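What follows is a single structure, written as C-alpha cells, with notes after it.
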Amino acid sequence: MTDASEPPIDAATLRAAALTAKAWPYEEARKLLKRYPSGKPGGEAVLFETGYGPSGLPHIGTFNEVLRTTMVRHAFEALSDMPTRLIAFSDDMDGLRKVPDNVPNKGMLAEHLGKPLSRIPDPFGTHDSFAAHNNAMLRAFLDQFGFDYEFASSSDYYASGRFDDALKSVLRHYQAILDVMLPTLGAERRATYSPVLPVSPKSGVVLQVPVEVVDADAGIITFTDDGDRITQSVLGGQAKLQWKVDWAMRWVALGVDYEMAGKDLIDSVIQSGKIARVLGARPPEGFNYEMFLDERGEKISKSKGNGLSLEQWLRYGSDESLAFYIYREPKKAKSLHMGVIPRAVDEYWQFCAAYADQPVEQRLGNPVHHIHNGPPPADSLPVTFGLLLNLVGVMGAQATREQVWGYLGNYVADATPAAHPALDTLIDKALAYNRDFVAPTLVRRAPAGVERAALAALDAELAKLAPDTAAEDIQNIVYEIGKTGGFETLRDWFKALYETLLGSAQGPRMGSFIALYGIANSRALIAEALAR
C-alpha cells in the first residue's frame with residue numbers, strides 16, 4: 001500500500017519527528033531502539049514474529065496481527081538503519097483439540113483429534129494436510145496485500161532439526177521450567193503437566209502425559225503410553241512443547257525481538273517470558289492488543305467462524321478501509337461486523353484528504369501514513385460511501401453501476417471511472433452492500449402530522465430550483481423548512497426525511513443527496529411519500 005501522491009518525507013526529517021511521535025507504531029518501535037541502542041549483535045536483522053494457529057481458517061484477527069506488526073516494523077525502519085525480518089510462524093505441530101464449525105468432513109476430522117495438524121488429512125481435499133490447507137490460505141491473503149514476510153512451519157522446524165539445540169536446552173532446564181509453570185496450574189493439571197509433549201508411536205496423538213528426562217544432551221525422554229513404558233527422542237518431530245514453553249523456545253531459537261499478542265494471552269506472555277529467561281534469553285518486546293468482537297459482543301474465533309471474514313470485508317469495503325479500522329485504537333475492544341464497514345471507508349478517505357495540509361508531526365499520527373508507509377494515493381473520493389449507499393438504496397436492489405454513474409453526473413465533475421478509479425471500485429461494493437444488507441431492511445413509512453406539510457413545502461421550494469443548484473444551497477432550504485415546520489428539534493425533521501424518503505433511520509446531508517439524486521427525482525420521492 002504505497003501508491004503515493006505527496007512526496008515522501010525525507011529520511012532525516014522523518015527520523016527526527018518519529019523520535020517523539022505519539023502514534024502507537026512509533027511508540028512500539030522506540031522499544032526496539034532502546035533494546036539495541038548500538039545495533040543487534042553481529043549485525044543481525046531485528047526479528048519480528050507473528051503467530052498463527054492453523055486449527056481453523058485464517059480470519060481478520062490473523063490478518064490484524066500481521067498488519068499491525070508490519071506497521072511497527074515500518075516505524076522502526078524509519079528510526080533505524082538496522083535490517084529487519086518478519087516471520088509468520090504457523091504452529092502446525094499443535095494437536096487438533098476440537099473440530100471447527102466451518103469446515104467440511106467433520107466426521108473425518110473427529111477421527112484424528114489429538115494428532116498434529118500437519119498429520120491430519122485435509123477436509124477440503126486440496127492439500128496434503130489440514131495444516132497445509134490453512135497455511136496456504138494464510139499465505140494467500142498475506143500475499144494479496146503485499147506483506148514482506150517469511151513463512152515458517154512448526155512441523156518443518158521440529159522435523160528438520162532446527163529446534164534440536166533449543167529442545168535439548170529445555171530438557172536441561174526441565175525442573176526450572178516446571179518451577180515457573182506449576183504454581184500457575186490447578187492441582188489436577190499439575191499432576192499430569194509436562195513441558196514436553198511426546199507424539200505417541202502407537203496412535204500418532206500428541207500426548208498430555210508426565211515425562212522423565214533420560215538424557216538431556218541426547219534429547220531422550222521416557223513416558224507411559226497406553227500402559228506401556230516408552231523411551232523416545234524428542235527430536236525429529238517425535239515431540240513438541242507445551243504451548244507456553246513452545247512459545248518461549250521459539251523466541252530463543254529464532255532470536256525474536258518483537259511479537260504482539262491479544263489481551264487473552266497476557267498470562268501466556270508473562271509465563272513464556274519467564275521461561276525464555278530460564279533458557280538464557282531476553283523475551284521480545286511487544287504489547288497486548290484488545291480483541292475483536294462480533295455483533296453479539298463475543299470474541300471472534302477461528303473454530304466458530306463468527307464475525308467477519310477477510311473476504312466479506314473486501315466484498316463490501318476497500319482493503320484500505322480494513323487497514324484503517326485495524327490501525328485505530330489497538331488497545332480498545334472493537335466490534336467487527338457489517339455495520340462498521342461504511343464508516344471505516346469514509347473515515348479513511350477523510351484522513352487521506354487531510355494528509356497533504358498537515359505538518360510532519362501530524363502526518364506521523366495520521367492513520368493513512370501507517371497504512372501506506374508514507375503518503376496516501378493521489379486519488380480522492382468526491383462522494384462519501386455513505387452517500388453512495390443512500391443513492392443505491394433509493395435506486396433499488398436491481399440498480400447497475402452504469403445507472404449509478406449516470407446519477408453521479410449530477411454531482412461530480414468529470415464523472416467517469418477513468419477520472420475517479422477509487423469511486424468506481426466503491427460503486428461495485430456499494431451495490432453489493434445494498435443488495436445483501438440494506439435493501440431487505442428498507443421500509444419507507446408514510447409521513448404524519450407536521451411531516452406532511454414540511455415535505456410539501458420542501459417540494460414547492462425544490463420546484464423553484466435549477467437542476468444544477470449547489471448542494472449547500474439545497475441544504476440551507478432543507479434546514480430552514482425544518483426550523484419553521486413545527487418540529488420539536490431539527491433532528492426530528494431529518495429523521496422524518498430519512499424514514500419517509502430513504503427508508504432508513506439514518507442518512508446523509510439531504511442537500512448533498514438531493515443534488516446527487518437529482519431535483520426531479522427527489523421531488524418524485526416526496527410525491528411517493530405523500531401518496532402513501
Side-chain angles (χ1 to χ4, degrees), residues 315-318 321 341-343 345-346 348-350 353 379-444 455 458-479 494 496-531:
R315 190 176 306 136
Y316 307 114
S318 61
S321 67
I341 295 176
R343 182 175 179 181
V345 172
D346 280 336
Y348 162 77
W349 283 103
Q350 289 168 14
D379 203 357
S380 61
L381 199 66
V383 174
T384 68
F385 191 55
L387 188 56
L388 200 57
L389 285 172
N390 288 124
L391 172 63
V392 299
V394 297
M395 291 174 65
Q398 305 306 314
T400 66
R401 62 194 320 277
E402 290 76 19
Q403 290 171 333
V404 175
W405 273 114
Y407 282 105
L408 288 169
N410 297 327
Y411 191 77
V412 178
D414 194 14
T416 64
H420 301 284
L423 179 58
D424 187 49
T425 299
L426 285 179
I427 288 174
D428 287 331
K429 297 182 184 299
L431 288 169
Y433 192 91
N434 178 68
R435 180 184 63 247
D436 296 345
F437 298 102
V438 179
T441 68
L442 294 180
V443 179
R444 296 182 179 88
L455 283 171
L458 177 59
D459 179 64
E461 291 298 320
L462 293 178
K464 303 174 185 177
L465 301 180
D468 60 350
T469 301
E472 194 61 34
D473 293 335
I474 299 173
Q475 180 69 17
N476 289 336
I477 292 171
V478 175
Y479 185 80
F494 289 115
L497 288 169
Y498 301 148
E499 292 179 351
T500 61
L501 303 185
L502 306 181
S504 174
Q506 299 179 9
R509 283 175 59 89
M510 288 305 298
S512 298
F513 173 78
I514 293 169
L516 173 60
Y517 194 49
I519 289 175
N521 291 322
S522 299
R523 292 189 64 205
L525 277 182
I526 295 172
E528 291 173 9
L530 292 173

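Quantities reported herein were computed from a predicted structural model and do not represent experimental measurements.
Heavy-atom neighbours of Glu402 CD from other residues, nucleotides or ligands within 6.0 Å: above the threshold of 12. Within a 6.0 Å sphere centred on CD of Gln506, other residues, nucleotides and ligands contribute 12 heavy atoms or fewer.
In plain terms, the two heavy atoms of Pro508 and Leu387 that are nearest each other are CB-CD1, 3.6 Å. Nearest heavy-atom pair across Val392 and Leu431 is CG1-CD2, 3.8 Å. For the residue pair Ile474 and Leu465, the shortest heavy atom distance occurs at CG1-CD1, 4.1 Å. The nearest pair of heavy atoms linking Ile341 to Gly317 is CG2-CA, 3.7 Å. The shortest non-hydrogen separation linking Ser318 to Ser321 is O-OG, 2.6 Å. For the pair Pro440 and Arg435, the tightest heavy-atom approach, listed with the atom from each and the gap, is CD-O, 3.7 Å.
Every residue two or more places apart in sequence or in another chain that forms a side chain to side chain donor-acceptor pair (under 3.5 Å) with Arg401 is listed here: Asp424, Asp428. Contacts of Asn521 classified as side chain to side chain donor-acceptor pair (under 3.5 Å), with partners at least two apart in sequence or in another chain: none. Taking the ring pair (Phe, Tyr, Trp, His ring centres under 6.0 Å) definition, one finds that Tyr407 meets it with Tyr517, sequence neighbours left out. Residues passing the salt bridge (charged side-chain N to carboxylate O under 4.0 Å, His left out) test with Asp346: none are found, sequence neighbours excluded. Here Arg444 pairs with nothing under the side chain to side chain donor-acceptor pair (under 3.5 Å) rule; sequence neighbours left out.
Just one residue in the list Val412, Leu408, Val404, Asn390 forms a side chain to side chain contact (heavy atoms under 4.5 Å, CB included) with Leu516, and that residue is Leu408. Leu426 pairs with exactly one of Val383, Leu389, Leu388 by the side chain to side chain contact (heavy atoms under 4.5 Å, CB included) rule, that one being Leu388.
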*Full working for side-chain contact (heavy atoms from CB on, under 4.5 Å) between Val438 and Tyr433*: CA-CA 7 Å; Val438 179; Tyr433 192 91; 3.6 Å; yes
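Judged by distance alone, with hydrogens and angles left aside, the side-chain atoms of Thr500 form a donor-acceptor pair with the main-chain N or O of Ala496 at under 3.5 Å. Glu528 places no side-chain N or O within donor-acceptor distance of the main-chain N or O of Leu525, the cut-off being under 3.5 Å.
Note: Thr425 OG1 to His420 NE2 = 13.0 Å, rounded to the nearest 0.5 Å. Distance CE/Met510 to CG/Leu497: 5.0 Å, rounded to 0.5 Å. Interatomic distance, CG of Leu442 versus CZ of Phe437, reported as 13.5 Å (0.5 Å rounding). Rounding to the nearest 0.5 Å places OG1 of Thr384 at 8.5 Å from CD of Gln350. Phe513 CZ to Ser522 OG: the interatomic distance, rounded to the nearest 0.5 Å, is 5.5 Å. Separating the CG atom in Asp459 from the NZ atom in Lys464 is a distance of 11.0 Å, to the nearest 0.5 Å.
Taking 4.5 Å as the limit, some side-chain heavy atom of Leu462 sits within range of a side-chain heavy atom of Ile526. Between Tyr316 and Val345 the shortest side-chain heavy-atom distance does not fall below 4.5 Å. Residues Tyr411 and Pro382 have side chains not in contact (no heavy-atom distance under 4.5 Å, counting atoms from C-beta outward).
Applying the side chain to side chain donor-acceptor pair (under 3.5 Å) definition to pairs two or more places apart or across chains, those involving residues 469-479 are Glu472-Arg509.
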